[in-house]
Amino acid sequence: MRWKKIVMIGPVYPFKGGISHYTGMMCRVLRKNHDVSMVSFRMQYPKFLFKKEQKDFSNDQFKIEDTKFWLNTANPFNIWKTARKVRKESPELVIIQWWHPYFAPCDWLLCRLLGKSKILFVCHNVFPHERFPFDRWLTKRVLRRGDYFLVHSQLDEKNLKEICPNAFVQRVVLPTFQAFRMQGISKESARKALHIGETEHILLFFGFVRPYKGLKYLLQAMPEIVNQVEGTRLFVVGDFGGDKGDYERLVCEKSLDSCVKIVDGYIPDQEVELYFSACDLVVLPYESATQSGIIQIAYGFQKPVVATRVGGLPEVITEGKTGFLAEPKDPASLAESVIRFFESEDTVNWKENIRQEEKKYSWERLEEAVEAFYGE
């Protein structure tokens, strides 16, 4: 038995970011066997909270046809109208993407107004990466209204059950983002475009730069890495926000100008392939995490990963097979793991190892989890 009608609520193209990509991919896989309507935001964040551009129209690879851009998250009258429109579609199941308590008032009111429809929360982060007063209270007030929950890490499952002890939850590994392989660019072509030598060893730190992502520890590890692995360069690619100067000073202090390349700014979807194709190793030196879409993008390009032992990251890295793990906030441990990778590069078939795990990270497993809730 399957859900007869599903409505999904969350960001999709042209909204930027990993959760927008995830929501679009989830909608596509569910539409193969279900009647799914997609509802997205008319306004996601007010500009005083998120001052940078929130949309990217440059590439419609993740576009979801017939998306209804109804929801203004800060307007209670709009939320009421949106709930009425959703109810008219008579969904058996409403799937809501949850990742930050900013959305608590909006999601709480939606849940109150959606009538008899079952509510499934996809919890990308039960609690936000950067905690603030009352975030736990806000999260609890909203999530207790859910009927079902999907999480992608043991940590999120644990956090969820702390505030919703009787939650009906399924844990599914985050699927691989192969959709970024748009042009099939070879490693050689990508390196030529980025002016990288064929024999250079390239590390990639990718994504929005936030303090909890631990970039400073990777920069502190670089002198030892460069000393042990000749020709190593680190590409730091992503939007820095307002603290770029702190990292530039660290690069200068460690005399890393020649081996660290900073590409500051949002990377459009069609350019993601260039950086992942060119690199040898993707590094996530995070201080904290639940899970990370960056690992799954890396796997989509069959690239190994070095990450820290935090949150759900160890759950998706097979030591010595798809990558290595390091201790958080420990530059020496990071350096050791990166060096181990390059020392084993000729003896381990990283691409084949990652390819063998593709089924484990398939989007179809996500669909199976949604279907498993039916009738419960």
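Treat the numbers as computed from the prediction; the structure is a model and nothing was measured.
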- For Arg136, what residues pass the side chain to side chain contact (heavy atoms under 4.5 Å, CB included) criterion, not counting sequence neighbours? Phe127, Arg131, Glu162, Ile163

- Test side chain to side chain contact (heavy atoms under 4.5 Å, CB included), reference Leu93, set Ile6, Asp147, Val7, output is Ile6

Output side-chain donor-acceptor pairs under 3.5 Å for residues 317-345, partner residues at least two apart or in another chain, one line each.
{"residue": "Thr318", "atom": "OG1", "partner": "Glu357", "partner atom": "OE2", "Å": "3.3"}
{"residue": "Glu319", "atom": "OE1", "partner": "Leu325", "partner atom": "N", "Å": "3.1"}
{"residue": "Glu319", "atom": "OE2", "partner": "Arg340", "partner atom": "NH1", "Å": "3.4"}
{"residue": "Thr322", "atom": "OG1", "partner": "Tyr299", "partner atom": "OH", "Å": "3.0"}
{"residue": "Thr322", "atom": "OG1", "partner": "Thr318", "partner atom": "N", "Å": "2.9"}
{"residue": "Glu327", "atom": "OE2", "partner": "Arg309", "partner atom": "NH1", "Å": "2.7"}
{"residue": "Asp330", "atom": "OD1", "partner": "Ala332", "partner atom": "N", "Å": "3.2"}
{"residue": "Asp330", "atom": "OD1", "partner": "Ser333", "partner atom": "N", "Å": "3.1"}
{"residue": "Ser333", "atom": "OG", "partner": "Glu327", "partner atom": "N", "Å": "2.9"}
{"residue": "Ser337", "atom": "OG", "partner": "Leu325", "partner atom": "O", "Å": "3.1"}
{"residue": "Ser337", "atom": "OG", "partner": "Ser333", "partner atom": "O", "Å": "3.3"}
{"residue": "Ser344", "atom": "OG", "partner": "Arg340", "partner atom": "O", "Å": "3.0"}
{"residue": "Ser344", "atom": "OG", "partner": "Phe341", "partner atom": "O", "Å": "3.0"}

Show me the donor-acceptor pairs, under 3.5 Å and distance only, between side chains in residues 243-260 and residues at least two apart or in other chains.
{"residue": "Asp246", "atom": "OD1", "partner": "Arg249", "partner atom": "NH2", "Å": "2.4"}

- Message: Applying side chain to side chain contact (heavy atoms under 4.5 Å, CB included) to Gln170 and Val370, what does each step give before you reach the verdict?
- Response: CA-CA 9 Å; Gln170 290 201 62; Val370 173; over 6 Å; no

- Mind checking side chain to side chain contact (heavy atoms under 4.5 Å, CB included) for Phe208 and listing every partner two or more places apart, or none if nothing turns up? Arg210, Lys213, Asp239

- Message: side chain to side chain contact (heavy atoms under 4.5 Å, CB included) for Glu367 and His34? Distances and angles first, verdict last.
- Response: CA-CA 10 Å; Glu367 180 187 21; His34 303 80; 3.4 Å; yes

- Note on the structure: For Leu138, the other hydrophobic cluster members (4.5 Å side-chain criterion, sorted by chain and number) are Phe132, Trp137

- Item | Distance-only donor-acceptor check, side chains Lys360 and Thr176, under 3.5 Å | no

- Query: How would you list, by chain and number, every residue that makes a ring pair (Phe, Tyr, Trp, His ring centres under 6.0 Å) with Trp99, sequence neighbours excluded?
  - Reply: Phe103

- Message: According to ring pair (Phe, Tyr, Trp, His ring centres under 6.0 Å), who are the partners of Tyr286, at least two apart in sequence or on a separate chain?
- Response: none

- Item | Atom NZ of Lys187: over 12 foreign heavy atoms under 6.0 Å | yes

- All ring pair (Phe, Tyr, Trp, His ring centres under 6.0 Å) counterparts of Tyr266, not counting sequence neighbours: none

- Query: Applying the 4.5 Å side-chain criterion to the ILVMFWY set and letting contacts propagate, would Leu155 and Leu143 be lumped into a single cluster?
  - Reply: no

- Item | Qualifying residues under ring pair (Phe, Tyr, Trp, His ring centres under 6.0 Å), relative to His124, sequence neighbours excluded | Tyr22

- Set of side chain to side chain contact (heavy atoms under 4.5 Å, CB included) partners for Glu315, sequence neighbours left out: Ser153, Gln154, Arg171

- Passes salt bridge (charged side-chain N to carboxylate O under 4.0 Å, His left out), Asp35 versus Arg2? Steps please. CA-CA 10 Å; Asp35 181 4; Arg2 288 176 172 158; over 6 Å; no

- Message: Any heavy-atom pair between the side chains of Ile64 and Arg28 that's under 4.5 Å?
- Response: yes

- Message: Please determine whether a side-chain nitrogen of the Lys or Arg among Arg233 and Asp280 lies less than 4.0 Å from a carboxylate oxygen of the Asp or Glu.
- Response: no

- Query: Nearest heavy-atom pair of Phe149 and Cys123: which atoms, and what distance?
  - Reply: CD2-SG, 4.2 Å

- Message: Taking side chain to side chain contact (heavy atoms under 4.5 Å, CB included) as the definition, give me every residue that meets it alongside Thr23, ordered by chain and number, with sequence neighbours left out.
- Response: Met8, Pro11, Val12, Ile19, Met38, Gln97

- Item | All pairs passing salt bridge (charged side-chain N to carboxylate O under 4.0 Å, His left out) where residues 59-78 contributes a residue, at least two apart | Lys68-Glu89

